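Quick notes on the structure that follows.
This structure is a prediction, so every number in the text was calculated from the model and none was measured.
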Amino acid sequence: MLTYASGRTWLVANRSHSRLIAAEAGARRLALFGETSIDAGRLARLLAQHDRAADLMAAAHEIPGSFHILHTDGRSTHIQGSASGLRQVFYTRRQDGSYAASDSAEPLARLSGATPRIEMVAWGMLHPGFDYGLTHGTYWHGVHRLPADQRLRMTADRVEAGTWWHPPAPELSVADGAPRLRAALEEAVAVRLATARGLSADLSGGMDSTSLCFLLAGQGARFRSFVEQTVDPNHDDAHWAQIAAREIDRPLTVLGPEDVPGPYDGIWEPGRGLVQDVPYGLGEPYTLIRNRARKTAMSTIFAATGSDVHIGGFGGDELFTIAPSYFGDLYARAPLRAVRGIRDLARLRRWSLPSVLRALARQQTYQGWFEEQLGSLHLPRPDVLGPGLSWGPQVRVTPWSTPANVEAVRAVAAAGDAGRTPQADSRSVHTSIAGHRIGGQRLGPLRALMEHQGITLSLPYMDDAVLEAALSVSRAEALPGTGFKPVLKAAMRVEATPDSRAGALSRSTKGEFSMSVHRGLARNRRSLLGLFEDSLLAEHGLVDIDRLRATLRDTMRPEYETNALELTVAAEAWMQAVAAAPAPAPELPLTNRRLASPC
C-alpha cells in the first residue's frame, strides 16, 4: 500500500504476480506496476528530471517491459496502461461521489455496488467482434474502460482522459526496421529473465513462440518449453517444436491429447452445475473458455517445473501478418499499383477479379463501415466471403440470436460511450492495432486464471516497445501474400547463424486446431446442453434456445458457428457465475484487487 504525503491511501497493489516499483519526492509519487526490471533509484531520477506529468509519464513509457504507470502530485493522479491493450485501466464513481481506478473491472463493480449491463453481453457475443475502441463500456453499469491510447487524470470528484499515444509512421525499410525490432525483443526478453524466479515457455514450432525461445536461449536462460500435440495427425507443431528445441538445446515437453483436458472439458457437470474449481472472474466473460480446464491443468504443470513466469507468443500474428486491407490503402494513392499488387493474393484466396475491383473502389470511411455493420447485423452470414479490404470483417450476430439481441448491440453502439474513431488513419495499421488490443483485452481472464495456479503469463510481443518497432516498418515491404512474417524473420536473422536460418525459424506453416475443437464439442455435448438447460441468455431474450440446442447437437456445423459457440458459452457461464456470486459489497476491502487507486 502506498500513501500520499498526507498519509491517505493512494495505491493498493497485489504484488504476487507483478512488481511494484515506486519513488517519491515531496508530495509527488511515481509508480510502475507490472513487468519491469527497473529499480527505485532510476524512478527517483526520472521524478527529479521531469516536473510535468506528461513528460514524466512519457519518459517512464520508454522503460522496457509491460506495466501501468501512476503519478500523483498530491492533488490529482495520472494513470496510464499500455498502448498494446494488455495493461487495462478501468474507473468508476463510488457511492460517496469520489472516483477510483483499477486494472480490473470486477473490484470496481463491487466497490460501487454496480449491476450487470446485460446489453454488453449481446455485444460480446458478436463474431467476429467489433473492433477495440468502439465502446468504453464494460459489463457493469457505471464502470468504464479507458481506451488504450488514453491517460486518465483523476481527482477526488472528477476524471478526464487525454490521448497520450499515436502509432509511429510506418516508414522504415525492413533492413532498417529489423535491427530496431530485434533490439526491442531482446530487451523484452531480458526483463523477464531478470525478474522471474523460474521460466517456462510455449514452443509451438511457429515463428512467434520459436523466436522468443531462441532469444531466451541466446541470453543464457534455463527453461523448459512446452508444445501441445493435437488429435489431428496432420498437425505439425510438435515436429517443428522438436527441431527448435534441439537447435536451442533446451528440454521440450510434448503434451499429448490425453495428458491434459480437451476443449470444453470441465465447464459444466451434471449435479454440480458450473465448475468453479478455479473461480470465474466476474469482470467480463472468459471468451477463451473452451480451453479453461486445459489451461488450468497446463499452468499446474508449468509450476511443477519451478516456473513462476510462462512466456507466450500471443500478439505476434497481429503485429507481423499484414492485413489485405493494405491494398485498399494503396488504391487511394496508386490504383494501378494496388491492382497489380493484389493479384497474387487474390489467386491464393480465390477472389474473383471483379469482386476485388469493387472492394478496392469502395474506399469506405471507418464511420461508413461501422454504420454498415450495424445495419446488417441481423442478416445471414454469406456462404462465401468477399475480399476483406475494408476496416474489418463483416460482423453478424450469431445464428441463434434474437431480434432483442440485435437491438441490444445497436443500443450499445448508440450509447454515449461508443466511439467512432479508428485506431489509425490507414486500414491495415488500424487492423493490426485493433487486433492487438482486442487480444490484450481477451487475454485478461486467461492471465487471471493462470495466476490462480501460481503462474504469470508473460507476453513480450505485447510490450509497447515491440509494438512500436513492428509498426514502424513500411507496410509496402511486407505485402500480404508475398511471404510469411517477413519482418519478424528479418529481425531474427540479425546476428543469426546460417544453421538457424535454415532450421526451425524457416517454418512457414501454422498449426490448426479445428479437429480438436470438434472432438471436444462432441465429447461434451451433454454437458453443454446442460449448461443451457435453464439458460439466463434465453431468460433475458438474447438467444433462441431451440436453435442454439439444435446447433449443439449438430455434428456438421460450419466453422463460423463453432467459433460463435465459444462466445455464447462464455456469455452464459459469466451470467451464471454472476448470478451465483454474493451481492456486490459497496465497500469491499481494496486488498481484493490487483491494482487500485482511490482518490
Side-chain angles (χ1 to χ4, degrees), residues 16-19 32-37 61 63-68 81-89 103-104 132 148 181-182 184-196 198-204 206-216 219 221 223 225-228 281 286-288 291 295 298-299 302 307-321 432-471 485 488 491-492 594-595:
S16 301
H17 295 279
S18 293
R19 298 188 76 210
L32 304 187
F33 180 74
E35 293 180 282
T36 174
S37 56
H61 174 252
I63 297 169
S66 175
F67 42 78
H68 287 83
S82 60
S84 69
L86 186 66
R87 305 286 173 177
Q88 302 264 307
V89 176
D103 66 342
S104 171
Y132 183 97
L181 174 61
R182 176 62 176 261
L185 286 169
E186 292 278 12
E187 286 189 322
V189 166
V191 168
R192 279 72 181 184
L193 190 54
T195 56
L199 279 169
S200 55
D202 288 337
L203 180 53
S204 70
M207 272 293 297
D208 301 331
S209 64
T210 301
S211 297
L212 294 178
C213 287
F214 268 77
L215 293 171
L216 281 167
Q219 294 189 27
F223 63 97
S225 57
F226 293 84
V227 64
E228 299 177 55
Y286 182 13
T287 57
L288 305 174
N291 286 323
K295 292 300 183 182
M298 290 175 65
S299 298
F302 302 155
S307 171
D308 67 322
V309 174
H310 184 79
I311 306 293
F314 293 103
D317 286 342
E318 291 76 15
L319 289 186
F320 305 118
T321 303
S432 289
I433 297 174
H436 213 53
R437 290 175 175 170
I438 290 170
Q441 182 180 347
R442 293 184 71 190
L443 286 166
L446 173 59
R447 291 168 60 226
L449 177 149
M450 294 180 69
E451 287 176 4
H452 278 292
Q453 311 307 117
I455 292 290
T456 297
L457 176 59
S458 186
L459 308 171
Y461 290 122
M462 290 197 167
D463 286 11
D464 283 357
V466 176
L467 169 69
E468 290 161 359
L471 292 178
K485 300 184 179 179
L488 180 57
M492 293 306 297
R594 290 182 293 167
L595 169 68

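- Between the side chain of Arg437 and the backbone N or O of Ala83 there is at least one donor-acceptor pair closer than 3.5 Å.
- Summarising the geometry, atom CG belonging to Leu446 is positioned 6.5 Å from atom NZ belonging to Lys295; distances are rounded to the nearest 0.5 Å.
- Of the N and O atoms on the side chains of Ser84 and His436, not one donor lies less than 3.5 Å from an acceptor on the other residue.
- In this pair, Tyr461 and Phe320 present their aromatic rings perpendicular. The plane angle is above 60°, beyond the 30 to 60° band.
- Between the Ser458 side chain and the Val309 main chain, no donor and acceptor come within less than 3.5 Å of each other.
- A heavy-atom distance below 4.5 Å is found between the side chains of Met298 and Glu228.
- Ser82 and Ser66 are not linked by any side-chain donor-acceptor pair at a separation below 3.5 angstrom, with hydrogens and angles left out of the test.
- When all heavy atoms are compared, the tightest approach of Pro445 to Tyr286 is CB-CD1, 3.6 Å.
- Taking CD from Glu35 and CZ from Phe67, the interatomic distance works out to 10.5 Å, rounded to the nearest 0.5 Å.
- Between Ser18 and Arg87 there is a side-chain heavy-atom pair separated by less than 4.5 Å.
- No side-chain heavy atom of Glu187 sits under 4.5 Å from any side-chain heavy atom of Val466.
- Residues Ala221 and Leu199 share a closest heavy-atom pair of CB-CD1, 4.3 Å.
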Pair Lys485, Leu319 - check side chain to side chain contact (heavy atoms under 4.5 Å, CB included), show working. CA-CA 9 Å; Lys485 300 184 179 179; Leu319 289 186; over 6 Å; no
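- The two residues Pro64 and Thr36 come nearest to each other via the heavy atoms O-OG1, 4.0 Å.
- Residues Glu318 and Ile438 fail the side-chain proximity criterion, which asks for heavy atoms closer than 4.5 Å.
- In this structure, the side chains of His310 and Gln453 stay at 4.5 Å or more apart for every pair of heavy atoms.
- Not counting sequence neighbours, Asp202 has no partner by the salt bridge (Lys or Arg N to Asp or Glu O under 4.0 Å) test.
- Listed here is the closest heavy atom pair of Leu216 and Ala201: CD1-CB, 4.2 Å.
- Remark: the His68 side chain and the Asp103 side chain contain no N/O donor-acceptor pair separated by less than 3.5 Å.
- Taking the side chain as every heavy atom from C-beta outward, Leu488 and Leu185 approach each other to under 4.5 Å.
- To the nearest 0.5 Å, atom CG of residue Leu32 and atom CZ of residue Arg19 are 9.5 Å apart.
- Not a single donor-acceptor pair under 3.5 Å links the side chain of Gln88 to the backbone N or O of Gly81.
- Summarising the geometry, atom OG belonging to Ser432 is positioned 10.5 Å from atom CG belonging to Asp317; distances are rounded to the nearest 0.5 Å.
- Side-chain contact between Ile311 and Pro460 is present, with heavy atoms from C-beta onward closer than 4.5 Å.
- To the nearest 0.5 Å, atom CG of residue Leu181 and atom CG of residue Leu471 are 10.5 Å apart.
- Atoms CG and CD1, from Asp464 and Ile63 in turn, are 12.0 Å apart once rounded to the nearest 0.5 Å.
- Looking only at side-chain heavy atoms (C-beta outward), Met462 and Leu443 come within less than 4.5 Å of each other.
- With no hydrogens or angles considered, a side-chain donor-acceptor pair links Thr287 and Arg442 at under 3.5 Å.
- Asp463 has a carboxylate O that lies under 4.0 Å from a charged side-chain N of Arg192, or vice versa, which qualifies the two as a salt bridge.
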